[in-house]
Every structure is written in structure tokens, then in C-alpha cells.
Engineer: 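Quick one: structure below, then a few questions.
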Amino acid sequence: MKTQINGTDIIELGYPEGKIIGIALKINNKRNGFTRDEMIANYKNVLEAPENFIDDKVFSPLVIALIEKANEKPEDFIALNQNPNAYSAYGLDHIEDGARKQMEVAMKLPVTVAGALMPDAHQGYGLPIGGVLATKNAIIPYGVGVDIGCRMALSVYDIPENFYLENEAKFKRELIAHSKFGAGHGFHGQYKSNHAVLENDAFNMNPFVKNLKDKAWSQLGSSGGGNHFVEFGIMEFAKDDAVLNIPKGKYVALLTHSGSRGMGATIAGHYTKIAKDVCKLPEVARNLAYLDMNSQLGQEYWIAMNLAGDYASACHEIIHNKMEKALGASILAKVENHHNFAWKEIWNGEEVIVHRKGATPAGKGVMGIIPGSMTAPGFLVRGKGEENAINSASHGAGRQMSRTQAIKTITQTEMQTILKDYGVTLIGAGLDEAPMAYKDINLVMEAQQDLVDVVAKFTPKMVRMADDGSRED
């Protein structure tokens, strides 16, 4: 029988972070007969005297990994830069230490040119979420992230606020009818959508990518788990916007947040494993393993990443097209931006690869959407092109509680109360997505006044999310 032991328990015993923790947890999942305390005692004894457990049928894999690690030499790894350039940070007082430390490690990569940390930053795998990193001729799969090309898409309708308030039942019906959520969930038979992205030659790049096409087709036009959503809200323009040609006023809008579904997650896992095999970095930087852009593997990942981004965009396009037809509305403006991606850009006169993991492109004049939470406002913004931020801004409010912490500390009553207070109708979602789990979006926006101008404010009114608490598959 398995006992409840997690990676933190093992790290606290003195085990090094990395694959050894995974081996230890795998042993715990398989072992029989030990209580939790006995298992912890065994882990401790193995660490102190591994030679005594070389032939042990339960712990020998852990012993082998510990001995191999003990014999690693610094020269076996790519050396990190011990005198890295400083990175820019915004809203640093509200960014956790874990994210800062991850950014410091990223700056030490020999391929790093520049970095920046956005005000919604929090700890992730490899590059922190909210981290921006410019590299020279190198692409980092975990610098892009698992949900490749995750994005925001906005449709502003010619529907006044009052029409929504008088017809909420209609909007709820259409929201349920034309959105689908959760890991593994997709469409079948006549309900499948067609899109030009399915004819992209990149699907034929290699057998690995080709095998993803059937699942991609099934999930085309659906949204993922976790913090992904489809929602109606009121978009308020405090003044006329000449660029979008929208007069001052309040309009009904559709806002969607999702990414490349199972296809993107599978690509990320596959090429991260390859990168770790070919790019031997010290343990502290292992999740930042990179691929040379001049190599075949680097080009494979680049093509696969762009395919996943195009696929994510197609998913949003299908949702918005369905909703436009269902509502019989005209669209005044459409805005779309993505994160969890890498771009070729010019930095200080040279081409670099800019990774934005949970960060919004904010070049001069570039439009973007920065959401808050299911009860907090989101903002339609226009980038200022701030070079110190590597032309970037936050991608949202950012979490202040982990999913586990939110589930443990927030009650259903508390969540229902805040939804009622803000007049928000919620379909689906778990406690891990409760508004209290997120930072104050107003503090985040205040910290990036040098990065973006606010064009309009979006107030959520009806939100749909995955109801099974699932993350992406």
C-alpha cells in the first residue's frame, strides 16, 4: 500500500532536487509493508550509507542514482556564467523568492542575452511563469512552457450592456452549447470542426508529430483544463479609440483563454526530454536545457512549436466564429495575443530568440489582453515597447496560492459568496481557480504602467471553465 510522501519530504532529508526525487517517489508508489515513518527512515539511511543498500530489491535503483550523481564532475556539464547580466523586474515586492531564484539561474545560461520578470511572476518549471528570456541562437522548451501558444482572444460585439442584463439566459445557453472543456475532452463524428491548420505540412515533419494529428483534430475548437476559460463580460471604453474605431461606451464581449491542448503538452514533454539528453546542464539549471537553432533538433522543435501555436489560434477562431453566428452579432473589434512561445526578434542590433513564458508581447502599438480573475477586471492594453522589459508585459494577475493551497484553504461558501458579491455566473471550475488564489490585478497593472497603456476594461459576467479541476493532457 502506498503512503503519502511527496518530493518536499524527500528534499528535506537532504536529497538533491532533480531526477533522484522522481526515482524515490516511484519506489514509494511500488513498495509494500512500510509505514510512512519507516519509509522516511529508510530514505534517510539510504542517503547516509547507500553502499549498504546496493543489493536491496526495493532501494537499489535509488542507490545507483545517488552513486552516479556523487561521481559527476563539473567538467561533465556545460558551465554556467557566474557573472551574469542583471535582469529587469517589475512589481518585485509582490514576486515570490522561488521565481526570482529561477530567473537568476536562467540569466547564468551561456546563451542568455537579456531577461525580465513581469509583475505576475511565480515559480514554474525552468523559466518562471512571467519570465522573459532572450537567448542567442538557442531555444529552451521549458522556457516556452508546456501549454505552447496559450493565448487570449477577444471579440467586442455591437451589443449594448443592457441587452446582456436582460437576456442572461440566452448567453448562458450559447456559452454551454458552443464551448467544451477539460483534459481529454474533444469532439467526435459530425461534431468535429475543420480548419486549414490541419492541412499544415508541419504535421508531416516526423512520425512523432504526425501521430498527434488525430487527437488534435478531435480537440480542435475545445478549451483546456486549469485556468482556461470562455466568458462573457462587459467591455468599457472610457473614451473613443481611434485605432480600433470604437466609440466610448460599454459593449458585450467574449473573452477566451486556452492553448494547444494535448498536442502542445506532448510536444513540450518530448522535446524537453531530448534537450536534457543533448544539453548537459548542472542540476540547478537542468529544466532550462536548450537546443541549438542550427541543429536539426532545434529546427524540429521550432517548427513543432509554431504548429502548436497555429493550432491554439485555430481553436479560438472556431469558438469565436460559433459564438458570433449563435448571437447574430456584428464584431466591432477582435484582438488576440499569445504567450508560452518564442519569437525571433532584434535586440541591441542582433537577432535573438525571445521566450515569453506567461508574458504578453508589448511592443510599441501591439494590442494585448491581460485578464484578472473570474471576478476581477481584465484590461485591453496597447504596448509601449519598453526595451528593459524586452517589449513584454504580464499575462494576467498571477497566482498567489498554489492549486493545492487554494483547495485546502478556500471553502465553497467563500467562493460562492464572492461570486454573488460581484454578480458573476460561474459554470464549472474548482476551488483551485477561486478569485482569492490570484494576486490583485490592480497592483499588477500599477507595476507595469511603463509597459502598457490601458485602452479598455473588461468586467467578467459569465464564466465557464473545466468542472473537473483538470490540467492539460
Side-chain angles (χ1 to χ4, degrees), residues 151-182 185-195 219-225 227-237 244 246-258 314-336 369 371-380 415-430 433 435 456-468:
R151 64 194 58 220
M152 306 295 304
L154 171 75
S155 289
V156 182
Y157 300 116
D158 64 340
I159 302 175
E161 177 182 22
N162 285 344
F163 184 85
Y164 172 83
L165 298 175
E166 294 165 2
N167 296 274
E168 285 192 60
K170 172 180 172 57
F171 283 92
K172 187 172 185 177
R173 183 175 65 249
E174 303 302 354
L175 187 58
I176 292 171
H178 300 295
S179 60
K180 197 174 183 71
F181 281 84
H185 294 180
F187 301 95
H188 305 282
Q190 64 178 333
Y191 300 104
K192 280 184 174 182
S193 295
N194 283 304
H195 191 280
Q219 293 187 330
L220 184 62
S222 65
S223 304
N227 63 353
H228 295 156
F229 59 76
V230 178
E231 63 187 29
F232 286 115
I234 305 302
M235 180 65 75
E236 180 180 4
F237 288 80
L244 294 178
I246 295 183
K248 172 183 175 180
K250 295 183 178 181
Y251 306 87
V252 175
L254 177 73
L255 183 61
T256 55
H257 174 219
S258 191
C315 286
H316 285 267
E317 183 182 340
I318 288 167
I319 295 168
H320 283 251
N321 287 347
K322 284 181 178 179
M323 207 67 75
E324 179 186 0
K325 185 177 179 181
L327 295 175
S330 295
I331 292 178
L332 301 178
K334 273 191 172 184
V335 177
E336 182 177 328
I369 308 115
S373 71
M374 62 178 69
T375 58
F379 297 90
L380 178 62
M415 186 163 170
Q416 291 303 319
T417 298
I418 193 170
L419 289 168
K420 185 177 180 181
D421 288 346
Y422 282 85
V424 173
T425 299
L426 178 63
I427 305 164
E433 284 301 319
K457 182 170 79 170
F458 176 89
T459 301
K461 287 296 180 184
M462 187 176 290
V463 181
R464 188 178 188 190
M465 305 181 81
D467 57 9
D468 55 5

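Only heavy atoms go into these numbers, but all of them, side chains included; no hydrogens, no water, no symmetry mates. Source: prediction; values computed, not measured. FYI, the numbering just counts along the sequence from 1.
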Engineer: State the OG-CE distance between Ser258 and Met465, to the nearest 0.5 angstrom.
Structural biologist: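 Nearest 0.5 Å value for the OG-CE distance: 10.0 Å.
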Engineer: Heavy atoms, side chains only, cut-off 4.5 Å: are His257 and Pro371 in contact?
Structural biologist: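 Side chain of His257 against side chain of Pro371, heavy atoms only: no contact under 4.5 Å found.
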Engineer: Sequence neighbours excluded, which residues qualify as salt bridge (Lys or Arg N to Asp or Glu O under 4.0 Å) partners of Glu231?
Structural biologist: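 Not a single residue meets the salt bridge (Lys or Arg N to Asp or Glu O under 4.0 Å) criterion with Glu231.
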Engineer: In Å, rounded to the nearest 0.5 Å, how long is the span from CD of Glu324 to OG of Ser155?
Structural biologist: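 Nearest 0.5 Å value for the CD-OG distance: 7.0 Å.
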Engineer: Taking NZ in Lys322 as the centre, count heavy atoms belonging to other residues, nucleotides or ligands within less than 6.0 Å. Is the count above 12?
Structural biologist: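 Atom NZ in Lys322 is crowded, with more than 12 foreign heavy atoms closer than 6.0 Å.
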Engineer: Using the test side chain to side chain contact (heavy atoms under 4.5 Å, CB included), find all partners of Pro435 that sit at least two apart in sequence or belong to another chain.
Structural biologist: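 For Pro435, the residues satisfying side chain to side chain contact (heavy atoms under 4.5 Å, CB included) (neighbours in sequence not counted) are Ser373, Met374, Thr375, Ile418.
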Engineer: Measure the acute angle between the ring planes of Phe232 and Tyr157, then classify it against the limits of 30° and 60° as parallel, tilted or perpendicular.
Structural biologist: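 Phe232 and Tyr157: tilted rings.
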Engineer: Using side-chain heavy atoms (C-beta onward) and a distance below 4.5 Å, is Leu154 in contact with Met235?
Structural biologist: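 Sidechains of Met235 and Leu154: in contact.
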Engineer: Please name the pair of heavy atoms, one in Glu174 and one in Leu327, separated by the smallest distance, quoted to 0.1 Å.
Structural biologist: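 It is CG-CD2, 4.3 Å.
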Engineer: Counting only heavy atoms not in Lys325 (residues, nucleotides, ligands), do more than 12 fall under 6.0 Å from its NZ?
Structural biologist: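 Check fails, neighbour count at 12 or below.
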Engineer: Would you say that Glu236 contacts Pro377 through its side chain, given a criterion of any heavy-atom pair below 4.5 Å between the two side chains?
Structural biologist: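 Of all side-chain heavy-atom pairs linking Pro377 with Glu236, none is under 4.5 Å.
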Engineer: Which pairs, with at least one residue in residues 160-173 and sequence neighbours excluded, count as a side chain to side chain donor-acceptor pair (under 3.5 Å)?
Structural biologist: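 Residue pairs passing side chain to side chain donor-acceptor pair (under 3.5 Å), neighbours aside: none found.
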Engineer: Of all the heavy-atom pairs spanning Gly221 and Cys315, show the shortest one and how long it is.
Structural biologist: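 Taking Gly221 first and Cys315 second, the nearest heavy atoms are N-SG, 3.5 Å.
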Engineer: Just so I know, are the side chains of Leu332 and Phe237 near enough to count as touching, which here means a heavy-atom distance under 4.5 Å?
Structural biologist: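 No. Closest side-chain heavy atoms not under 4.5 Å.
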Engineer: What do you reckon, is OH of Tyr422 surrounded by more than 12 foreign heavy atoms closer than 6.0 Å?
Structural biologist: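 No, OH of Tyr422 has 12 or fewer neighbouring heavy atoms, counting only those of other groups under 6.0 Å.
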Engineer: Mind checking what makes ring-ring contact (aromatic ring centres under 6.0 Å, His included) contact with Phe458, not counting sequence neighbours?
Structural biologist: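 Listed in chain order: nothing, the list is empty.
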Engineer: If you take all heavy atoms of Ile246 and Ala333, which pair is closest and at what distance?
Structural biologist: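 Minimum heavy-atom separation between Ile246 and Ala333: CD1-CB, 3.6 Å.
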Engineer: What pair of heavy atoms forms the shortest contact from Asp158 to Pro160, and how long is it?
Structural biologist: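 In terms of heavy atoms, the two residues are closest at O-CD, 3.9 Å.
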Engineer: Could you give the distance from CD (Glu433) to CZ (Phe229), rounded to the nearest 0.5 Å?
Structural biologist: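 Separation between the atoms: 9.5 Å.
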Engineer: Any side-chain to backbone donor/acceptor pair from Arg464 onto Ile176? Under 3.5 Å, distance only.
Structural biologist: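 Here the side-chain-to-backbone pair exists.
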Engineer: Hey, what do you get for CG (Leu220) to OG (Ser193), rounding to the nearest 0.5 Å?
Structural biologist: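 Those atoms lie 5.5 Å apart.
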Engineer: At their closest point, which heavy atom of Ser223 faces which heavy atom of Ile319, and how far apart are they?
Structural biologist: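 Minimum heavy-atom separation between Ser223 and Ile319: OG-CD1, 3.6 Å.
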Engineer: Give the minimum heavy-atom separation between Gly224 and Ala466, together with the two atoms involved.
Structural biologist: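 Result for this residue pair: O-CB, 4.1 Å.
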Engineer: Nearest 0.5 Å, please: how far is CG in Leu380 from NZ in Lys457?
Structural biologist: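 Interatomic distance, Lys457 NZ to Leu380 CG, rounded to 0.5 Å: 13.5 Å.
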Engineer: Would you list the atom pairs, donor with acceptor, under 3.5 Å between side chains in residues 248-256 and any protein atom, with sequence neighbours excluded?
Structural biologist:
unit_1: Tyr251; atom_1: OH; unit_2: Pro247; atom_2: O; d: 2.7
unit_1: Thr256; atom_1: OG1; unit_2: Ala153; atom_2: O; d: 3.4
unit_1: Thr256; atom_1: OG1; unit_2: His316; atom_2: ND1; d: 2.6
unit_1: Thr256; atom_1: OG1; unit_2: His320; atom_2: NE2; d: 2.9

Engineer: Only counting residues at least two apart or in another chain, list the ones meeting salt bridge (Lys or Arg N to Asp or Glu O under 4.0 Å) with Arg151.
Structural biologist: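 Scan of Arg151 (salt bridge (Lys or Arg N to Asp or Glu O under 4.0 Å), adjacent residues dropped) gives Glu336.
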Engineer: Judged by atom type as modelled, is there a donor-acceptor pair below 3.5 Å linking the side chain of Ser222 to the main-chain atoms of Gly186?
Structural biologist: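 Checked: no pair found.
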